[in-house]
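Written below as structure tokens is the structure these notes are about.
Quick note on labels: first sequence line is chain A, next is B, and so on, each numbered from 1.
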Amino acid sequence: MYKGYLCLVLHGHLPFVHHPECDYFLEENWLYEAITETYIPLILMMERLVNEAIDFRLTMSLTPTLISMLKNPLLQERYLRHINKLIELCHKEIERTRWQPQFQRLALMYLDRFLICRETFERYKRDLVSAFKSLQEKGVLEIIASCATHGYIPLMEVCPASSRAQIKVGVSVYEETFGKKPKGFWLPECGYHPGDDYILKECGIKYFFTEIHGILHGSPRPKYGVYAPVYCKSGVACFGRDWESAKQVWSSIEGYPGDYWYREFYRDIGYDLDFDYIKPYIHPDGIRINTGIKYYRITGSEDKQPYEPEKALEKAAEHAGNFMFNRERQIEYLYDFLKKKPIVVAPYDAELFGHWWFEGVDWLNYLIRKIKFDQKIFTLTTASEYLAENPRNQVITPSLSSWGWKGYNEMWLQGANDWIYPHLHKASERMTELVKLYPNESNGLIKRALNQALRELLLAQSSDWAFIMGTGTHTSYAVRRIKEHILRFTTLYEQIKSHSIDPRWLAEIETKDNIFPNIDYRVHQ
Amino acid sequence: MKRVFKKIKEKVQTLKKKITLRSKKSKIKKRKTEFMQEIFPTETKVEETKYYTPPFMERYPKVEQLPASYGQDRLVLQTRDPWWVHAYWELTPATCEKVKSELKEIFFQAKKVLRVYDITNIIFDGTNAHRYFDVEINDYANNWYIDVGGPGRSWCVDLGLKLPDNRFITLIRSNVVHTPLDGPSWITDEEWMVPEEVFARLYGMGVGLGLSSPVGKGWQEEIKKKIWQPLASGALASMVSPVKKELKRERKFWLVVNTELIVYGATEPDATVYVQGKQIPLRPDGTFSLRFALPDGKQVIPVKGVSADKLEERTITPIVTKETR
């Protein structure tokens, strides 16, 4: 008899970056790197678990922007080009490091990984979403929906039509992609504003997740803290994040990813090697970038030592054991204390695993196996399975919260990015106006323009742009994206209203911002 | 000339904004009582690496500027956190002119203020606020961070003019926002009754204090203090991790030197060439080149060429010694 549950949630998201107008576009690498380092390793890990008949439960959100990019033929083609270049570079590296066996074996390791990536990518006919889908169908993975473009809902309070469009488009992309209704929803950045749950309810969503204080500061007081879900007044369940399990992974002091034996993220051969040699594998303008081939471990001093994969794997296993041990003690204690089986919810950014924390996927793999075989205190679950077993829960109104810096809205509302809101809110207001003007448009061209206007608005709303501006470094792309989408939206708005739609220009931006082919502008109300 | 003037105006405006922002930011740091301080920087950092772009000059052609105004009176309020709200506004010249013509010369003695009303649990009609306070703003500002200092309350703001005789004229009224609580609710649920000590324990565990967290009288204050202390004493030093250090390389001089060796040559295009016993590919014209990272020590590099008919064989052996001092 288990005494409680652990619910692991991985939030998979990248903003929509698609530049058919350029042969090479640097920011598209965000996707290629995540495919190689995170998504494919996760797929392979889950496949192996399924093949070995190890029962487990994992929850993952795949945002509509990420789904759209993974299914985009141009980006798929470019990923193949990207991975082929890396494979070519690895072959050169194996030669170059012939007299440095400590590096040569790492070059071989990378070659092996990249070849497996290519093989997996081709095995799924370039469509990795289908891999996740089939894992969901096997009952081990629960995929949850998210907002159309990762719009940060708490800062859409004055334009509720946009909150609704973000959520509804997100749900329809989910249904189109996975052929069923989503049970759960990932609010971007865990950003919850009281009342948002009513829109989720409209879309048939059963549950969502919040940051710790979303529950702890909710009203009335939550009887079980964050260790049981609550129902919002709308009837949608809300699960609060557990701080202890978050801290073990995230903490800058004691967090696992900072271990000295783990691979160092910031030492990449794209920066370390001779310019002429590495030139074909960096930015075509000769700007050094990360290649993904990194030979050093964190070490703990400036004098970085070569990475030792075996040692790192041992560490990952040790950390998985430590994480499990802590959950066992936590759940045992809570079970006695609450006289009820607690649920510990541990959501993480999916791209943490593999990309930032190179050994993260191995850690997860060890953790899942250990939970299955090495203990009997708790079991992995999903939020929907938990609710099926525990349907009676307290009703409270969770508090405004996010999992961003300082826990509220400041990451997306500060000196560096507050200038975007007058434009975003105005555009949203105009979109609503268009929907009212054209409640049932059947003219092909006008309808296309209306749909494209909504695409541009949604793309401008991605929380990613405000986030990047908030971090204060390399903000030019984010600024450009917001401006471009707002300008495109505004032009469309003016053209639609003055009956002067330019079909050639419309076709051009439909090709560039070709997300959500089946969007219906009328959701924005 | 006009444009230059406008530019200067804008500069002044942003500068002013920056100054107010800075002072306000430092203020909030002092009053912060949140518990996730330690993990947020790391999380933000990891999320940053997702959007990793190398440092270099602007690559993008400048896009057109967004409009500076939309020709509509508007005052929008957004909650930033339990203590602060943000207001942005646009006041059209038409409205301004109208007021000016009504007020005549008094207009120039009036102060532009944001009147912040606490309207918790009431339907606000402009006169029935629990209390209000004024924030004087400058003429150039178009947005402001307001320290409302009241978690768990509702707010509405008027942008208006305060006349010398203390009369207040509303120009634009905002939407209503609510600031969240900065601690647990005092409302408990009869059906889901939770004793104070039990809740205190759950709260303490929830914010990561484990079983050492206080549960007795004044536990909320104790917990706030506990979460606060490591930050106050460590002055954020606790956020420094091996990884973090890398991110913000302290300004110091450094030098890295590595060596590589290029071995190149040529033979008949149809010949086979072995370097240190391993066959290497030839270019169509029979040339080849290899590049090796060169560690300290002696490298003996036999290069053997074998003719296509395997009748002839030639070996040349460069020996390279590298030492680093």
Side-chain angles (χ1 to χ4, degrees), chain A residues 26 30 95-100 155 158 212 216-221 223 225-226 243-244 246-247 250-253 255 258 266 274 277 287-290 298 300 349 351-352 356 394 399-400 405-410 413 415 418 421-423 425-426 468 471 474 476-477 480 483-484 486-487, chain B residues 18 21 34 36 38-44 46-56 58 60 63-64 66 70 76 78-81 86 88 143 175 177 180-181 183-185 187-189 192 194 199 202-203 205-208 238-239 241-244 246 260 290-295 299:
Chain A
L26 185 65
W30 297 342
E95 277 304 312
R96 194 187 63 85
T97 54
R98 191 190 282 195
W99 301 328
Q100 295 176 309
L155 292 175
V158 288
I212 312 137
L216 285 184
H217 297 174
S219 184
R221 286 187 179 183
K223 177 169 181 173
V226 289
W243 199 82
E244 283 200 28
K247 188 171 96 164
W250 285 115
S251 165
S252 49
I253 306 157
Y266 293 102
D274 174 51
Y277 172 78
I287 300 152
R288 287 178 181 271
I289 55 168
N290 282 332
I298 293 172
D349 216 333
E351 291 77 16
L352 161 75
W356 162 262
Q394 188 183 357
S399 177
L400 173 78
W405 175 59
K406 291 186 178 181
Y408 299 96
N409 297 340
E410 193 172 349
L413 181 63
D418 53 22
Y421 295 100
H423 304 291
H425 294 158
K426 185 69 195 178
I468 294 171
T471 64
H474 322 313
S476 65
Y477 181 67
R480 170 188 149 163
K483 285 187 177 172
E484 257 177 14
I486 292 285
L487 287 168
Chain B
K18 272 187 187 156
L21 268 177
E34 263 159 48
M36 279 90 34
E38 185 190 317
I39 60 172
F40 279 125
T42 331
E43 271 187 302
T44 309
V46 172
E47 233 184 304
E48 254 185 271
T49 66
K50 239 162 79 167
Y51 313 109
Y52 172 81
T53 340
F56 49 83
E58 287 260 345
Y60 307 109
V63 282
E64 256 179 86
L66 296 177
Y70 287 100
V76 171
Q78 299 201 97
T79 306
R80 195 186 81 178
D81 54 41
H86 177 247
Y88 74 78
N143 77 97
N175 54 309
V177 297
L181 293 175
S185 168
I187 300 167
T188 51
D189 197 323
W192 299 81
V194 48
F199 187 74
L202 282 172
Y203 192 92
M205 287 184 77
V207 301
S238 58
M239 288 178 196
S241 74
V243 199
K244 184 89 178 177
E246 277 294 305
E260 289 190 339
L290 294 163
R291 178 173 187 133
F292 302 105
L294 186 65
Q299 301 297 335

So B:Y88 and A:H425, side chain to side chain donor-acceptor pair (under 3.5 Å) or not? Walk me through it. CA-CA 11 Å; B:Y88 74 78; A:H425 294 158; 2.7 Å; yes
Between A:I468 and chain B, which part of the residue has a heavy atom less than 4.5 Å away: side chain, backbone, both or neither?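 Interface part for A:I468: side chain.
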So what's closer than 4.5 Å to chain B heavy atoms on A:S219: side chain, backbone, both or neither? both
Specify which of [options] makes the most heavy-atom pairs with chain A at under 4.5 Å.
{"options": "B:V76, B:N175, B:I187", "value": "B:I187"}
{"options": "B:L66, B:L294, B:V177", "value": "B:L66"}
{"options": "B:H86, B:Q299, B:M205", "value": "B:Q299"}

Taken to the nearest 0.5 Å, the spacing of A:E95 CD from B:F292 CZ works out to 6.0 Å
As an exercise: rank A:L400, A:V226, A:L413 by heavy-atom pairs under 4.5 Å with chain B and give me the winner.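 Top option by heavy-atom pairs under 4.5 Å: A:L413.
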In terms of heavy-atom pairs under 4.5 Å, which option from A:T97, A:I486, A:L487 contacts chain B the most? A:L487
Would you find a donor on one side and an acceptor on the other, under 3.5 Å apart, between the side chain of B:R80 and the backbone of A:N409?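 The answer is no, because no donor-acceptor pair under 3.5 Å joins these two groups.
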Judged by atom type as modelled, is there a donor-acceptor pair below 3.5 Å linking the side chain of A:Q394 to the main-chain atoms of A:K223?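 A pair under 3.5 Å: yes.
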Can you find a heavy atom in the side chain of A:E410 that is under 4.5 Å from one in the side chain of A:W405? yes
Toward chain A, the part of B:L290 with a non-hydrogen atom under 4.5 Å: side chain
Angle between ring planes, A:Y266 versus A:W356, binned at 30° and 60°: parallel, tilted or perpendicular? perpendicular
